[in-house]
Colleague: 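Okay, here's the structure, questions in a sec.
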Amino acid sequence: QVHLVESGGGLVEAGGSLRLSCAASGRTASLYAMGWFRQTPGKDREFVARIRWSADRTDYAASALGRFTISRDNAKNMVYLQMNSLKPEDTAVYYCAADDIDTWYDGTKPLNGDYWGQGTQVTVSS
């Protein structure tokens with residue numbers, strides 16, 4: 001089992017920045033990838049970014065590319081999402097996800113979502 005806890009959400013003005021953190025605990029040695037999703041009321045959870053746990057591979061949703069950066073610190077079992085140039089449409093609950101099954105290259109979905117955090121609210125005011 002892997003336990004994920006997000007932090008770093010909050011209220012920011014448009015154009016501002018936030019850094020989200022995700023702390024992983026438990027069987028982290030079994031992980032292949034981690035990432036971030038976001039969800040607004042009435043909509044499906046949306047992929048934002050993912051990072052491979054043991055290699056320098058990252059992917060981003062088109063909406064995040066060029067503004068968001070995902071990174072990891074394996075020694076601390078942490079994954080981060082640096083969000084710059086935030087827009088009101090980035091307002092959502094952001095969830096950290098982790099996979100202990102390697103689906104990175106199967107092309108069906110960005111992450112399997114074997115584990116999820118509880119989410120952290122990001123609100124961008126216009």
Colleague: Under the side-chain hydrogen bond (donor to acceptor under 3.5 Å, both in side chains) rule, what pairs show up with a residue in residues 47-56, not counting sequence neighbours?
Modeller: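 Sorted result for residues 47-56: Arg50-Asp59, Arg52-Asp102.
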Colleague: Minimum heavy-atom separation for Val79 and Trp36, please, with both atom names.
Modeller: CG1-NE1, 3.6 Å
Colleague: Could you give the distance from CD1 (Ile70) to CD (Gln82), rounded to the nearest 0.5 Å?
Modeller: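 One finds 12.0 Å between CD1 of Ile70 and CD of Gln82.
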Colleague: Side chain of Thr120, backbone of Tyr94: donor and acceptor closer than 3.5 Å?
Modeller: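 Not confirmed, Thr120 side chain does not pair with Tyr94 backbone.
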Colleague: Go through it in stages, so that I can follow the logic: the residues are Asp90 and Met83, the test is side-chain contact (heavy atoms from CB on, under 4.5 Å), and I'd like the CA-CA distance, side-chain angles, deciding distance and then a yes or no.
Modeller: CA-CA 9 Å; Asp90 294 318; Met83 303 186 295; over 6 Å; no
Colleague: Between the main-chain N or O of Asp114 and the side-chain N or O of Asn112, is there a donor-acceptor pair closer than 3.5 Å?
Modeller: no
Colleague: Minimum heavy-atom separation for Asp106 and Thr103, please, with both atom names.
Modeller: OD1-O, 2.9 Å
Colleague: Roughly how far apart are Tyr60 OH and Leu81 CG, rounded to 0.5 Å?
Modeller: 7.5 Å
Colleague: Taking atom CD of Gln118 as the centre, does the number of heavy atoms from other residues, nucleotides or ligands within less than 6.0 Å exceed 12?
Modeller: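 Yes, CD of Gln118 has more than 12 neighbouring heavy atoms, counting only those of other groups under 6.0 Å.
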Colleague: Establish whether Phe68 and Leu111 are linked, either directly or via other cluster members, by ILVMFWY side-chain heavy-atom contacts under 4.5 Å.
Modeller: no
Colleague: So, for Ala92 and Thr40, which heavy atoms are closest and what is the spacing to 0.1 Å?
Modeller: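 Where Ala92 meets Thr40 most closely, the heavy atoms are CB-CG2, 3.7 Å.
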Colleague: Quick one: list whatever passes side-chain hydrogen bond (donor to acceptor under 3.5 Å, both in side chains) with Tyr95, sequence neighbours left out.
Modeller: none
Colleague: Any sub-3.5 Å donor-acceptor pair from Glu6's side-chain atoms to Cys96's backbone N or O?
Modeller: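 At least one qualifying donor-acceptor pair exists.
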Colleague: Taking it one step at a time, do Thr91 and Arg38 satisfy side-chain contact (heavy atoms from CB on, under 4.5 Å)?
Modeller: CA-CA 9 Å; Thr91 295; Arg38 66 187 184 187; over 6 Å; no
Colleague: Verify, without hydrogens or angle tests, whether Tyr115 (side chain) and Met34 (backbone) share a donor-acceptor contact under 3.5 angstrom.
Modeller: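 Not a single qualifying donor-acceptor pair exists.
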Colleague: List for me each residue that meets ring pair (Phe, Tyr, Trp, His ring centres under 6.0 Å) alongside Phe37, sequence neighbours excluded, and say none if there are none.
Modeller: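 Only Phe47, Trp116 meet the ring pair (Phe, Tyr, Trp, His ring centres under 6.0 Å) criterion with Phe37.
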Colleague: Pairs under 3.5 angstrom only: tabulate donor-acceptor contacts from the side chains of residues 9-32 to other protein residues two or more places apart or in another chain.
Modeller:
| residue | atom | partner | partner atom | Å |
| --- | --- | --- | --- | --- |
| Ser17 | OG | Asn84 | OD1 | 2.9 |
| Thr28 | OG1 | Asn77 | OD1 | 3.4 |
| Ser30 | OG | Arg27 | O | 2.6 |

Colleague: Glu89: what forms a salt bridge (Lys or Arg N to Asp or Glu O under 4.0 Å) with it, not counting sequence neighbours?
Modeller: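 With neighbours one apart ignored, the set is empty.
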Colleague: By the rule that ILVMFWY residues connect when side-chain heavy atoms come within less than 4.5 angstrom, directly or transitively, which residues belong alongside Tyr80?
Modeller: Met78
